[in-house]
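A short write-up of the structure that comes next.
Throughout, a chain's letter reflects where its sequence line sits, starting with A, and its residues are numbered from 1.
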There are 2 protein chains.
Amino acid sequence: MDGKDASPRGSTAQRIEAELLEDIAAGQIEAGARLDETKLAARFGVSRTPVREALSRLAAQGVLESGDRRGMRVAQYTREELAQMFEAMHEIEALCARLAAQRLTLLARSEIEAAQAECTRTARDGDLPGYLRANEAFHLSLYRATENPYIFDIASDFRRRTGPFRAKKFAATGDLIASAQSHEELLAKIFSADSNIAAEGMREHMTASFMRVLAAN
Amino acid sequence: MDGKDASPRGSTAQRIEAELLEDIAAGQIEAGARLDETKLAARFGVSRTPVREALSRLAAQGVLESGDRRGMRVAQYTREELAQMFEAMHEIEALCARLAAQRLTLLARSEIEAAQAECTRTARDGDLPGYLRANEAFHLSLYRATENPYIFDIASDFRRRTGPFRAKKFAATGDLIASAQSHEELLAKIFSADSNIAAEGMREHMTASFMRVLAAN
DNA sequence: GACGCATGTTTTGTATACAAAATCAATTGA
DNA sequence: TCAATTGATTTTGTATACAAAACATGCGTC
């Protein structure tokens with residue numbers, strides 16, 4: 001479940017795939033940016049073969065778009081497409097919140113709280129890269145609480161694809177603290193064990209998040 | 001939206017990917033079966049390179065599982081994993097039914113009815129390959145009615161992954177006719193424009209379908 | 001008869017070469 | 001000055017080669 005096929009594993013191609021995914025999620029490679037096989041091979045110090053495989057896999061997951069014989073670009077979206085993607089993501093996250101509220105174990109709850117404590121700490125320190133990682137761990141722990149690896153996969157796939165747009169939300173330390181604070185409100189609802197309140201709370205959280213994404217893109 | 005990256009397109013790798021997907025969905029390559037690069041290259045009359053790319057992409061989409069340096073296998077699931085996958089699929093299909101009921105256009109409705117008519121015709125003729133294609137078109141037209149390409153993608157991805165298991169439901173002409181009949185009941189609910197009735201009807205449809213999948217696997 | 005080890009064969013991951021297609025830049029003509 | 005065309009360069013898709021790892025088979029010993 002965790003790390004699926006994209007985690008750094010034995011093959012060179014898998015390592016490159018994971019590293020590119022991280023760069024895209026962090027906004028270091030922006031939406032619409034073109035990815036040059038030859039240059040990436042030079043960057044990673046390998047031949048084009050594992051680079052091509054990594055790019056091909058990212059395209060199969062929707063993170064990249066393949067222009068036939070025109071190279072690969074980071075998937076780019078119109079505002080309408082962005083809205084539709086976030087609508088789908090909202091529904092999936094609401095489903096996650098509802099199932100998490102229904103199935104919360106002590107272990108899952110402690111993981112979520114640990115991740116949220118890390119979010120709070122890095123937000124206060126103004127540590128953006130640290131906050132991005134902690135935010136990621138927070139959401140993944142929520143998905144994990146659904147106790148369904150396939151729903152986990154869908155939700156985490158959406159996080160990967162929307163990474164470049166969500167990274168832009170956090171322009172100032174104030175943004176990080178606001179985000180961590182909204183996590184607290186969301187958790188209060190999930191921990192209430194009322195799955196409908198949890199789902200509604202997640203929709204609110206996601207709507208607020210999406211408004212910030214639209215403003216930043 | 002339709003055909004996404006898997007439709008037969010310019011490159012050899014994409015054609016091979018689509019063809020393998022079709023074989024897996026139709027049960028001609030069964031769950032757990034090992035896929036040999038060298039043999040597939042001979043089958044398609046090409047070098048290993050486009051075959052490797054096609055396999056890699058199918059692995060990225062969860063259709064195949066990659067054993068590190070141990071080749072690829074069609075993803076195989078325990079009964080628990082199958083149950084979880086179908087749970088996720090049920091929730092996605094219920095979401096589709098709810099959104100389709102809310103957003104149904106005349107065009108979408110006519111497409112759904114045309115697909116259902118084809119299901120009924122091929123079921124009566126005992127035409128299994130034809131029924132599989134018509135059934136596919138029926139479900140895709142429902143997903144399309146959500147007017148959200150990302151939800152469409154999730155739902156159709158699940159159909160791809162569960163193809164090998166669902167194909168086994170249809171062992172006799174009676175199975176085809178029963179399936180087409182349950183479509184009618186589902187459509188009555190979707191066309192009722194009550195999105196909650198639509199979602200519930202889809203869950204019923206999917207639960208009945210899943211019971212048949214479990215019995216056949 | 002079963003288990004372990006060794007050897008040979010096959011498969012997979014990556015490097016490199018080649019051809020075709022796309023892109024870019026420069027020149028010419030209107 | 002701008003647009004179009006042409007030529008050169010670069011990038012992409014696929015073929016092939018090579019090395020490493022995995023798998024299968026056979027033989028020997030217990």
B:Ile24 side chain near B:Leu64 side chain, heavy-atom distance below 4.5 Å: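 SC-SC contact between B:Ile24 and B:Leu64 confirmed.
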Check: B:Leu55 and B:Leu40 side chains under 4.5 Å, non-hydrogen atoms: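 Yes, close enough: below the 4.5 Å cut-off.
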Test salt bridge (Lys or Arg N to Asp or Glu O under 4.0 Å) applied to A:Glu91 - qualifying residues, sequence neighbours left out: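 So A:Glu91 forms a salt bridge (Lys or Arg N to Asp or Glu O under 4.0 Å) with A:Arg203, B:Arg98.
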Qualifying side-chain hydrogen bond (donor to acceptor under 3.5 Å, both in side chains) pairs with a residue from residues 22-31 of chain B, counting only residues at least two apart or across chains: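 side-chain hydrogen bond (donor to acceptor under 3.5 Å, both in side chains) check on residues 22-31 of chain B returns B:Asp23-B:Arg43.
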Summary of ring-ring contact (aromatic ring centres under 6.0 Å, His included) pairs that have at least one residue in residues 96-120 of chain B, sequence neighbours excluded: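 For residues 96-120 of chain B, and leaving out neighbouring residues, there are no ring-ring contact (aromatic ring centres under 6.0 Å, His included) pairs at all.
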Bend angle of the helix from C:dG1-D:dC30 to C:dA30-D:dT1, end axes from five pairs each (to 10°):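 Axis angle across the helix from C:dG1-D:dC30 to C:dA30-D:dT1, nearest 10°: 20°.
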Residues from residues 29-36 of chain B lying under 4.0 Å of DNA chain C - heavy atoms: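 Those residues are B:Arg34, B:Leu35, B:Asp36.
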Residues two or more places apart in sequence or in another chain: which of them pass side-chain hydrogen bond (donor to acceptor under 3.5 Å, both in side chains) with [X]?
X: B:Glu37; value: B:Arg48, B:Arg52
X: A:Ser179; value: A:Tyr131
X: B:Glu93; value: B:Tyr143

Touch class at under 4.0 angstrom, heavy-atom based, for B:Arg70 against every strand present: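 Counting heavy atoms under 4.0 Å across all strands, the contact made by B:Arg70 is with sugar-phosphate only.
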Criterion ring pair (Phe, Tyr, Trp, His ring centres under 6.0 Å) against A:Phe86, the qualifying member of A:Phe210, A:Tyr77, A:Phe158: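 Exactly one option meets the ring pair (Phe, Tyr, Trp, His ring centres under 6.0 Å) with A:Phe86, and it is A:Phe210.
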Range on DNA chain C touched by chain A - first to last nucleotide, heavy-atom distance under 4.0 Å: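 It runs C:dT14 to C:dT23.
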Neighbours of DNA chain D within residues 42-54 of chain B, by heavy-atom distance under 4.0 Å: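 Only B:Val46, B:Ser47, B:Arg48, B:Thr49, B:Pro50 qualify.
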Parallel, tilted or perpendicular: ring planes of B:His139 versus B:His183, cut at 30 and 60 degrees: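 Ring orientation of B:His139 relative to B:His183: perpendicular.
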Check: A:Gln84 side chain, B:Glu147 main-chain N or O, donor-acceptor pair, under 3.5 Å: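 It does hold such a pair.
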Counterpart residues, ring-ring contact (aromatic ring centres under 6.0 Å, His included), relative to A:His90 (two or more places apart):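 With sequence neighbours excluded, A:His90 shows a ring-ring contact (aromatic ring centres under 6.0 Å, His included) to no residue whatsoever.
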All pairs passing salt bridge (Lys or Arg N to Asp or Glu O under 4.0 Å) where residues 102-120 of chain B contributes a residue, at least two apart: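 Found A:Glu87-B:Arg103, B:Arg109-B:Glu113, B:Glu111-B:Arg144, B:Glu118-B:Arg121.
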d(NZ, A:Lys39; P, D:dT10) in whole Å: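 In whole Å, D:dT10 P and A:Lys39 NZ are 9 Å from each other.
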